[in-house]
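Report on the following structure.
No experiment lies behind these values; they were computed from the predicted model shown.
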Amino acid sequence: QVQLAASGGGSVQAGGSLQLSCSASGGSLSSLAMAWFRQAPGNGREFVAAISWNGGTADSESAKGRFTIPREIAKNTVSLQMNRLESEDTTVYHCAARYDREIMPIIRTASGYPDWGQGTQVTGSS
């Protein structure tokens, strides 16, 4: 089982930038797919972006062109760099992981990730 610790949430103005981080323990990024989901109150978890064990990435339409998902293998950490933030981006974000050593399309559903970190909140400010 992989344990994940998410951090980096905070308040940001529209058009601003914020970087979230997710540190993994109990597994190496070289054997994990790591993903970011977000969840507004009353809604299910929405896929944002993910990075596979070999560095391939995928993102949602809303994230495309604005978000990237860099990783630091030595620190066992994956980040979500969010730029040009909009009101729809202000919600709680979760990081997730699954063991992945296969070359295959990145899974975009929450059910495909058995391990989850705590949420980190992104809020908007005027």
Side-chain angles (χ1 to χ4, degrees):
Q1 183 177 354
V2 179
Q3 291 184 296
L4 305 174
S7 62
S11 180
V12 64
Q13 295 182 347
S17 297
L18 196 66
Q19 182 171 283
L20 310 180
S21 295
C22 180
S23 296
S25 60
S28 170
L29 296 191
S30 64
S31 299
L32 297 171
M34 300 283 290
W36 288 95
F37 292 79
R38 63 190 184 188
Q39 185 172 25
N43 294 338
R45 294 186 175 184
E46 175 191 5
F47 176 78
V48 179
I51 185 166
S52 71
W53 65 274
N54 62 352
T57 60
D59 54 24
S60 66
E61 286 298 314
S62 63
K64 191 178 296 294
R66 301 188 299 129
F67 297 178
T68 60
I69 184 166
R71 66 177 180 172
E72 298 181 63
I73 294 177
K75 296 182 178 180
N76 236 31
T77 298
V78 167
S79 298
L80 182 67
Q81 177 64 51
M82 303 185 290
N83 303 311
R84 302 192 302 279
L85 286 162
E86 303 170 357
S87 60
E88 67 178 5
D89 302 317
T90 57
T91 186
V92 62
Y93 286 73
H94 301 266
C95 63
R98 67 184 301 274
Y99 287 102
D100 179 18
R101 291 297 302 274
E102 302 293 332
I103 300 176
M104 59 180 292
I106 291 175
I107 294 173
R108 297 170 178 259
T109 58
S111 62
Y113 294 87
D115 300 317
W116 291 81
Q118 85 285 12
T120 185
Q121 180 72 48
V122 175
T123 58
S125 63
S126 60

The residue among D115, V2, L29, N76 that forms side chain to side chain contact (heavy atoms under 4.5 Å, CB included) with M34 is L29
Among the clusters formed by ILVMFWY side chains lying less than 4.5 Å apart, do [X] and [Y] turn up in the same one?
X	Y	result
Y93	V78	yes
V12	F67	yes
Y113	L4	no

Would you give the length of the straight line joining atom [atom1] of [X] to atom [atom2] of [Y], rounded to the nearest 0.5 angstrom?
X	Y	atom1	atom2	result
Q81	Q19	CD	CD	4.5 Å
L20	H94	CG	NE2	11.5 Å
S28	I73	OG	CD1	7.0 Å
S30	R101	OG	CZ	6.0 Å
K64	D59	NZ	CG	4.5 Å
T90	M82	OG1	CE	10.0 Å

Which atom pair, heavy atoms only, marks the closest approach of [X] to [Y]?
X	Y	value
I106	A50	CG2-CB, 3.5 Å
L32	G27	CD1-C, 4.0 Å
A58	F47	O-CZ, 3.9 Å
L85	R66	CA-NH1, 3.8 Å
I69	I51	O-CD1, 3.6 Å
A97	P114	O-CD, 3.3 Å

V122 vs V92, side-chain contact (heavy atoms from CB on, under 4.5 Å): CA-CA, chis, key distance, verdict | CA-CA 6 Å; V122 175; V92 62; over 6 Å; no
Side chains of S21 and T77, donor plus acceptor under 3.5 Å |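 Side-chain D/A pair, S21 to T77: absent.
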Could you list the residues that satisfy side-chain hydrogen bond (donor to acceptor under 3.5 Å, both in side chains) with S60, not counting sequence neighbours?
->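 For S60 the side-chain hydrogen bond (donor to acceptor under 3.5 Å, both in side chains) partners, ignoring immediate neighbours, are S62.
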Between the side chain of Q13 and the main-chain N/O of S126, is any donor-acceptor distance below 3.5 Å?
->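 Yes, the answer is positive, given that a donor and an acceptor are paired below the 3.5 Å cut-off.
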Looking at T91, N43, D89, T120, which hits side chain to side chain donor-acceptor pair (under 3.5 Å) with R38?
-> D89
Do F37 and W116 have ring centroids that are under 6.0 Å from one another?
->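 Judged by ring-centre distance (under 6.0 Å), W116 and F37 do meet the cut-off.
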Flag yes if more than 12 heavy atoms outside Q3 fall under 6.0 Å of its CD atom; otherwise flag no.
->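 No, CD of Q3 has 12 or fewer neighbouring heavy atoms, counting only those of other groups under 6.0 Å.
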Validate the cation-pi geometry between R98 and W53: distance from NZ or CZ to the six-membered ring centre under 6.0 Å, angle to the ring axis within 45°.
-> no
Stepwise side-chain hydrogen bond (donor to acceptor under 3.5 Å, both in side chains) check, D100 with S52 | CA-CA 7 Å; D100 179 18; S52 71; 5.1 Å; no
